[in-house]
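Okay, so here's the structure we're looking at.
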Amino acid sequence: MTYVRHLSLTSMGLAGVMMLAACHNTPQGLQQARDAIATELPAPYFEDLMTESATIDGDRLVLLIRSPEGDAERTRTSPGFASLQSSEEREMRALCAHDAIQPLVKTDAVLVRRFVDRNNNLFFELELPARECLNPPANAPATP
C-alpha cells in the first residue's frame, strides 16, 4: 500500500514537472516558430489577403493578415460576415500542419490570426490553442 502511494505521488510529481517544462518552453518555442514563419513573409493568404507579419504577444503567436482593399467597418455590417468568420474559424486548424507550429503543440501557446484592413482596423481575430493541434484533421493544408 505504501509502495502504491509512493508510486502515485512520484507519478504526480513527474507530471507536474513535465507540465512546468511545457510552460517554460512556450517562450522559446514561440520565438522559434515566429522566426521560422517570418522568413516566409509576406505571403499570399487568400485572394487579395496577405499574411504580413508574425509577432509574439505573451503566449500568443499572432499572424497579421491584411486586406489591402477591404474596409473592416463596412465588411462587419455586411450580411455574409458571419459565414466569412465561420469559414476562417474552420481554416485555423490549417496552421497545425505548418512545421514551425509542431514544437508548440505541447506548450501553452495560442495561435492567432488577426485580420485587418488597409488602415489597421480589425475585421476579426481568431485563436486556436496550439494543444488542439495534437489531433489535426487529415486534410489540413499548410498555410501560414
Side-chain angles (χ1 to χ4, degrees), residues 4 6-144:
V4 172
H6 177 68
L7 184 59
S8 177
L9 290 173
T10 302
S11 297
M12 286 176 25
L14 181 58
V17 167
M18 289 171 60
M19 286 174 48
L20 283 174
C23 292
H24 291 301
N25 287 335
T26 302
Q28 180 182 358
L30 281 167
Q31 187 64 48
Q32 290 171 348
R34 192 215 66 83
D35 292 348
I37 291 171
T39 64
E40 304 168 358
L41 301 179
Y45 177 72
F46 179 75
E47 293 183 359
D48 72 330
L49 301 176
M50 291 291 290
T51 304
E52 285 190 353
S53 65
T55 58
I56 298 170
D57 181 12
D59 64 351
R60 298 164 18 120
L61 177 63
V62 181
L63 301 177
L64 182 73
I65 301 172
R66 184 175 309 279
S67 172
E69 302 300 321
D71 181 303
E73 187 175 329
R74 192 174 67 220
T75 302
R76 283 193 309 267
T77 60
S78 72
F81 181 71
S83 66
L84 170 67
Q85 190 170 2
S86 178
S87 71
E88 288 299 332
E89 285 173 3
R90 288 187 301 275
E91 203 48 41
M92 277 296 287
R93 301 219 20 94
L95 283 172
C96 297
H98 196 289
D99 289 340
I101 301 303
Q102 295 307 305
L104 298 176
V105 299
K106 293 183 180 179
T107 70
D108 292 331
V110 177
L111 310 176
V112 178
R113 279 190 173 143
R114 181 176 295 151
F115 294 84
V116 299
D117 67 12
R118 64 185 170 270
N119 299 314
N120 287 324
N121 296 315
L122 184 66
F123 287 101
F124 57 88
E125 183 173 288
L126 301 170
E127 295 186 357
L128 176 70
R131 289 182 188 278
E132 290 185 25
C133 290
L134 289 172
N135 297 309
N139 62 350
T143 306

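- Scored by the salt bridge (Lys or Arg N to Asp or Glu O under 4.0 Å) test, Arg34 finds no partners at all (sequence neighbours excluded).
- For Asp117, the side chain to side chain donor-acceptor pair (under 3.5 Å) criterion is met by Asn121, not counting sequence neighbours.
- Evaluation of the ring pair (Phe, Tyr, Trp, His ring centres under 6.0 Å) rule for Phe46 yields no partner, not counting sequence neighbours.
- Taking CG of Leu63 as the reference point, atom CZ of Phe115 lies at 9.0 Å (rounded to 0.5 Å).
- Atoms OG1 and OH, from Thr51 and Tyr45 in turn, are 7.0 Å apart once rounded to the nearest 0.5 Å.
- With Val112 as reference, Val62 is the one residue of Val62, Leu95, Leu64 to meet the side-chain contact (heavy atoms from CB on, under 4.5 Å) rule.
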Might you work through the side chain to side chain contact (heavy atoms under 4.5 Å, CB included) test for Arg113 and Glu125, ending with a clear yes or no? CA-CA 6 Å; Arg113 279 190 173 143; Glu125 183 173 288; over 6 Å; no
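- The salt bridge (Lys or Arg N to Asp or Glu O under 4.0 Å) test applied to Glu127 returns Arg60, not counting sequence neighbours.
- Atoms CD and CG, on Glu47 and Leu49 in that order, are 7.5 Å from each other to the nearest 0.5 Å.
- Rounded to the nearest 0.5 angstrom, Glu88 CD and Ser83 OG are separated by 10.5 Å.
- Distance check, rounded to the nearest 0.5 Å: SG of Cys96 to CD of Glu132 gives 8.0 Å.
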Take Ile101 and Cys133, measure what side chain to side chain contact (heavy atoms under 4.5 Å, CB included) needs, and give me the verdict at the end. CA-CA 9 Å; Ile101 301 303; Cys133 290; 4.3 Å; yes
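- For residues 50-94, every residue pair satisfying the ring-ring contact (aromatic ring centres under 6.0 Å, His included) rule, not counting sequence neighbours, is listed here: Phe81-Phe124.
- Side-chain contact between Arg114 and Ile65 is absent, with no heavy atoms from C-beta onward closer than 4.5 Å.
- Nearest heavy-atom pair across Phe123 and Ser67 is CE1-CB, 3.8 Å.
- Leu126 CG to Glu89 CD: the interatomic distance, rounded to the nearest 0.5 Å, is 5.5 Å.
- For residues 66-75, every residue pair satisfying the salt bridge (charged side-chain N to carboxylate O under 4.0 Å, His left out) rule, not counting sequence neighbours, is listed here: Glu52-Arg66.
- Listed here is the closest heavy atom pair of Pro42 and Met50: CB-CE, 3.9 Å.
- Among residues two or more places apart in sequence or in another chain, the side chain to side chain donor-acceptor pair (under 3.5 Å) test is passed with Arg90 by Ser86.
- Partners of Ala33 according to the side chain to side chain contact (heavy atoms under 4.5 Å, CB included) rule, which considers only residues two or more places apart in sequence or in another chain, are Leu61, Ala100, Leu104.
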